[in-house]
Amino acid sequence: MNSKTLSILSYVTLIGWLIAYFSGKEKTDSLLRYHLKQSLGLAIVSILLNIALSVVAHLVPALSFLGLIGYVILIFWVLGIINAANQAEKPVPVFGKVFENKFSFIN
């Protein structure tokens with residue numbers, strides 16, 4: 001698979017991320033590294049946000065509408081996939097700039 005395909009695959013579940021990481025380990029280029037970092041960061045934010053919102057919804061059921069924030073994360077995933085498909089190294093909104101210099105093991 002080429003780096004564009006692996007970059008797109010990195011956004012499709014954590015299993016897709018692992019496949020992209022290990023498949024592109026030898027021939028990794030800047031596009032793949034960038035999208036691996038972005039998608040891993042987005043996955044971490046998504047998991048932490050789901051845990052936090054679940055706790056809040058459990059403690060205060062009237063705030064369960066906050067679960068709709070999950071749709072915003074879904075939009076960020078789609079934007080990341082679109083950027084990977086266009087071979088653009090653009091960060092995902094809100095969180096993307098934070099992940100550009102993180103995850104040093106992705107090299």
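The shown structure was predicted, so the numbers you read here are calculated from the model rather than taken from an experiment.
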Indicate the atoms forming the closest heavy-atom contact of Asn83 with Lys90, along with that distance.
ND2-O, 3.3 Å

In one Ile/Leu/Val/Met/Phe/Trp/Tyr side-chain cluster, 4.5 Å: Phe95, Val98
yes

Other residues, nucleotides, ligands: >12 heavy atoms within 6.0 Å of Ile15 CD1
no

Out of curiosity, Ile19 CD1 to Thr5 OG1, how far, rounded to the nearest 0.5 Å?
13.0 Å

Donor-acceptor contact present, side-chain Gln38 to main-chain Val92, <3.5 Å
yes

Separation between CG (Leu68) and CD1 (Ile73), nearest 0.5 Å, reads 13.0 Å

Hey, could you give me the CG/CD distance between Asp29 and Gln87, rounded to the nearest 0.5 Å?
8.5 Å

Is the count of non-hydrogen atoms from other residues, nucleotides or ligands lying under 6.0 Å from Phe105 atom CZ greater than 12?
yes

More than 12 non-hydrogen atoms from neighbouring residues, nucleotides or ligands closer than 6.0 Å to CD1 on Ile44, yes or no?
yes

Are the side chains of Tyr21 and Ser10 in contact, using a 4.5 Å heavy-atom criterion?
no

Would a single hydrophobic cluster contain both Val12 and Leu31, if residues Ile, Leu, Val, Met, Phe, Trp and Tyr are joined by side-chain heavy-atom contacts under 4.5 Å?
no

So, for Ser39 and Trp77, which heavy atoms are closest and what is the spacing to 0.1 Å?
O-CH2, 3.7 Å

On a heavy-atom basis, the closest approach of Lys4 and Ala85 is CE-O, 2.9 Å

Flag, side chain of Ser54 to backbone of Asn50, donor-acceptor distance under 3.5 Å
yes

In the structure I gave you, are the side-chain heavy atoms of Trp17 and Leu40 within less than 4.5 Å of one another anywhere?
yes

Measure the spacing between OG of Ser23 and CG of Leu32 and express it to the nearest 0.5 Å.
9.5 Å

Would a single hydrophobic cluster contain both Val72 and Val94, if residues Ile, Leu, Val, Met, Phe, Trp and Tyr are joined by side-chain heavy-atom contacts under 4.5 Å?
yes

To the closest 0.5 Å, what do you measure between CG (Leu63) and CG (Leu66)?
5.5 Å

Ignoring hydrogens, what is the shortest heavy-atom contact between Tyr34 and Pro91? Give both atom names and the distance.
OH-N, 2.9 Å

Between Ile8 and Phe22, is there shared hydrophobic-cluster membership here, with clusters defined by ILVMFWY side-chain heavy atoms closer than 4.5 Å?
yes

Verify the cluster assignment for Ile69 and Val45: are they in a single hydrophobic cluster under the rule of side-chain heavy atoms below 4.5 Å apart?
yes

Is it the case that the side chain of His35 and the backbone of Ile81 share a donor-acceptor pair, with hydrogens and angles ignored and the cut-off at 3.5 Å?
no

Just verifying a value: how many Å separate Leu36 CG and Phe103 CZ, rounded to the nearest 0.5 Å?
10.5 Å

Sub-4.5 Å side-chain heavy-atom contact between Tyr11 and Leu9
no

Determine the minimum heavy-atom distance between Leu14 and Ala43, stating which atoms define it.
CD2-CB, 3.7 Å

